[in-house]
Amino acid sequence: SEVRLRATGLTKFFGATRALDGVDVGVKAGEALAIMGPSGSGKSTLLLALAGIERPDAGSVIYRPDGGPEVDVAALPDRERSRLRRGDFGFVFQQGLLIPELTAEENVALPLMVTGASRQAATATARDWLGRLGLAGMEGRRMGELSGGQAQRVAIARAQAGGSTVTFADEPTGALDSATSREVMDLLLESTVGRGAALVLVTHDPQVAARCDRTLSLRDGRVEHQFFRNPSTGQQ
Ligand code: ADP
Ligand code: ADP
């Protein structure tokens, strides 16, 4: 299938620290890519660079939208980059995206209204996605009243409701016990690759990575290993 995002020669310095050192990676539509590696190996920096949040010092990130011309995310003007981040890209990050004072439904509907949907349309879409993620009946709960797994499902609904073609997830199961982690991964995969979107996630958990089509393992800002899942065995 079609390549959605392709990074070539990604390099990023923070002062004298080379956080990324010539990383090449691609992800296709309908494919899940896991990024692993020890702390400080460049995982977050890679995720943020692929998403057009962190600007690399060298290299390119080519994004190919459905039916549109390809763009170099790394070279886009800020305005265009933020437009991509509000439309084609969805984010499941542990902190900062969900507003604790708002309900589950409001958290999912808000970004849709920001990009122009009416309150009524945004609310209908939010309810639909919360239902798909098994949260029917909990739409009116504030985030603080939800468990960790439920809050992660709201975050997934929020990332999908705008119809994103690439979802970026930073440790989506990091704070969850293993049963809840499996459940959240099932829902994350189903709501992204299950509808033909790409998923890029950072994880420390080999069991989470094993559910992805491909695992990239970083060390000192370089790709140390890459594992592909064998389609016949389902194992990497
Ligand atoms: P990981 O996600 O694998 O833990 P990071 O991408 O966060 O790794 O960091 C890679 C390296 O770059 C580390 O040495 C980290 O300290 C450094 N780094 C990351 N972000 C910044 C920043 N904003 N300022 C300075 N150094 C940073
Ligand atoms: P995570 O736990 O998600 O890997 P990090 O600790 O890597 O988060 O980074 C959290 C934030 O701090 C990011 O915005 C990152 O760019 C920044 N950061 C990471 N390392 C450093 C550093 N050494 N100096 C300054 N900022 C950093």
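Numbering of ligands and ligand atoms starts at 1, following listing order. The structure displayed is predicted, hence computed values, not measured ones. One is the number of the first residue; the rest follow in order along the sequence.
Checked options Arg4, Arg6, Arg64; the residue passing with Glu70 is Arg64 (criterion: salt bridge (Lys or Arg N to Asp or Glu O under 4.0 Å)).
Partners of Tyr63 according to the ring-ring contact (aromatic ring centres under 6.0 Å, His included) rule, which considers only residues two or more places apart in sequence or in another chain, are Phe89.
Note: Phe227 and His225 have tilted aromatic rings, judged against thresholds of 30 and 60 degrees for the angle between ring planes.
At a 4.0 Å cut-off, at least one heavy atom of Ser39 sits close enough to ligand 1 to count as contact.
Of all atoms in ligand 1, listed by their number and element, those nearer than 4.0 Å to a heavy atom of Ala19 are 10 (C), 11 (C), 12 (O). The atoms of ligand 1 that sit less than 4.0 Å from any heavy atom of Thr17 are 12 (O), 14 (O). Within ligand 1, the atoms closer than 4.0 Å to a non-hydrogen atom of Pro38 are 3 (O), numbered from 1 in the order shown.
Side chain of Gln207 to main chain of Asp205: no donor-acceptor pair is present (N/O by atom type, distance under 3.5 Å, no hydrogens or angles).
Proximity of Thr45 to ligand 1, defined as any heavy-atom pair under 4.0 Å, is shared by backbone and side chain alike.
No side-chain donor from either of Ser217 and Gln226 sits under 3.5 Å from a side-chain acceptor of the other.
Backbone and side-chain nitrogen or oxygen atoms of Gly42 are examined, and one is located within less than 3.5 angstrom of a nitrogen or oxygen of ligand 1.
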